[in-house]
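Everything on this sheet refers to the single structure shown next.
Bear in mind the structure is a predicted one, so any value in this text is a computation, not a measurement. All chains are named by letter (A, B, ...) in the order of the sequence lines, taking the proteins before the strands, and each is independently numbered beginning at 1.
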Amino acid sequence: MNYLLTKNNITVENSFKINLENTFNCGQCFRWNRLFDGSFVGVAFGKVLSIKTDENKLVFKKTTMNDFENIWADYFDLNLNYDLIEREIAKIDSHLKTVTLFSPGIRILKQDSWEALCSFIISQNNNIPRIKGIIERLCQSFGEKIEDSFFSFPTAQTIAELNENDLAPLRCGFRSSYIIDAAKKVASGEINLQKIKTLPLNIARSELMKIKGVGPKVAECTLLYGMHRLDAFPIDVWMKKAMQNIFPEKSPADFGKYAGIAQQYIFHYARMTKLKEF
DNA sequence: GTCCAGGATCGGA
DNA sequence: TCCGATCATGGA
């Protein structure tokens, strides 16, 4: 992967054809927002980034070469050939081809595992705009100020010191006790996220489900988005409908080692179209 | 007013 | 093991 430093921007050939709009708005992350000029601004790993696509180039703004090499190249998974994977997925089934063509260029962001765990605990029985609001209030209340109105995601150690009343301003309802339990288990090391990353999928899943408020769906999202386990396959209400309507003969195992990526295309298609064609 | 949102927990069959 | 009620909040 070749990159170039020009006028405080870092430019990369978009050879694997990432689509930022589809990547940020497919329900995997909650801290990226689109600006009027078409760029996106967000926070990850305690750093602010502005990013846009310019013809067939990716332009990283508001960052440094050091952060690009140590954080963003990995976060956007720039060394994995998603273009090839997308075409492989499309070959499996004609309906998979349909959903990849509907919103191409999605990639699975390599998010921080604690942030993904906490975010998807908040996501349960909730909608995406409200999830984003709760997470933003969580960061403003307990994260560290980076610059202007940007705050880091609070650490598990910070949240572990709090009680449910402290989380009342978030208005996250019954999920507050789940967040506290997750923070305490992670901060104490009772749940070791770094170790779970390397465990076999079924064992990793059951480890995560030792946390109160973490069931099969949240565990699967943590594995896929926070641990980059690309064979993890979260099934929510939309995925359940999509599997019944579009793929009645198929199971997640039929989608191969990149089933999680296939899942992301299916989910986004289902949510955008509301499955009116099926 | 009712229904729903990237669900999980609990108690009772 | 399975099923339904319930959980807190806000928008449609």
task = Looking at every strand, decide which applies to A:Y225 at a 4.0 Å heavy-atom threshold: base, sugar-phosphate, or nothing.
result = base
query = Looking across every strand, which nucleic acid part, if any, lies under 4.0 Å from A:C26 by heavy atom: base, sugar-phosphate, or nothing?
reply = base
message = Just to be sure I understand the geometry, which residues of residues 98-115 of chain A put a non-hydrogen atom under 4.0 Å away from DNA chain C?
response = none
inquiry  = So if I take residues 162-192 of chain A and measure heavy-atom distances to DNA chain C, which residues fall below 4.0 Å?
reply    = A:R171, A:G173, A:F174, A:R175
Rounded to the nearest 0.5 Å, how far apart are [atom1] of [X] and [atom2] of [Y]?
X	Y	atom1	atom2	answer
A:N22	A:T100	CG	OG1	11.5 Å
A:R229	A:C221	CZ	SG	14.5 Å
A:I180	A:D166	CD1	CG	7.0 Å
A:N33	A:L35	CG	CG	8.0 Å

Could you pull out all donor-acceptor pairs under 3.5 Å where a side-chain atom in residues 134-144 of chain A meets a protein atom, sequence neighbours excluded?
{"from": "A:E136", "atom 1": "OE2", "to": "A:R31", "atom 2": "NH2", "distance (Å)": "3.3"}
{"from": "A:R137", "atom 1": "NE", "to": "A:L170", "atom 2": "O", "distance (Å)": "3.2"}
{"from": "A:R137", "atom 1": "NH2", "to": "A:L170", "atom 2": "O", "distance (Å)": "3.0"}
{"from": "A:S141", "atom 1": "OG", "to": "A:R137", "atom 2": "O", "distance (Å)": "2.7"}

message = Is there a continuous path of hydrophobic side-chain contacts, each under 4.5 Å between heavy atoms, that joins A:L109 to A:I266?
response = no
ask   = Does A:M272 share a hydrophobic cluster with A:W238, counting links as ILVMFWY side-chain heavy atoms below 4.5 Å and allowing steps through other members?
value = yes
inquiry  = Quick check on contacts: within residues 211-220 of chain A, what sits under 4.0 Å from DNA chain B by heavy-atom distance?
reply    = A:I211, A:K212, A:G213, A:V214, A:G215, A:P216, A:K217, A:V218
request  = Check each residue of residues 256-278 of chain A for a non-hydrogen atom within less than 4.0 Å of any atom in DNA chain B, then write out the ones that pass by number, or none.
outcome  = A:Q263, A:Q264, A:F267
ask   = Do the ring planes of A:W72 and A:F76 sit parallel (below 30°), tilted (30 to 60°) or perpendicular (above 60°)?
value = tilted
request  = Anything under 30° is parallel, anything over 60° is perpendicular, the rest tilted; go ahead and classify A:F40 against A:F24.
outcome  = tilted
ask   = For DNA chain B, which nucleotides open and close the run of contacts to chain A, 5' to 3', at under 4.0 angstrom from a non-hydrogen atom?
value = B:dA5 to B:dT9
[N] versus [M] - spacing of their [atom1] atoms, nearest Å:
N	M	atom1	result
B:dT2	C:dA5	P	15 Å
C:dA8	B:dC10	P	14 Å
B:dG6	C:dC3	C1'	23 Å

request  = Give a yes or no on whether a salt bridge exists between A:D74 and A:K110, defined as a side-chain N under 4.0 angstrom from a carboxylate O.
outcome  = yes
Would you mind reporting whether [Y] and [X] have side-chain heavy atoms less than 4.5 Å apart?
X	Y	answer
A:I108	A:D77	no
A:R130	A:C172	no
A:K197	A:S113	yes
A:V41	A:L49	no

note = A:I128 atom CD1 is separated from C:dA12 atom P, nearest whole Å, by 15 Å
ask   = Per the side chain to side chain donor-acceptor pair (under 3.5 Å) rule, which among A:Q28, A:E220, A:Q264 passes with A:Y225?
value = A:Q264
message = So that I know where these two stand, are A:Y269 and A:F102 an aromatic pair - ring centroids less than 6.0 Å apart?
response = yes
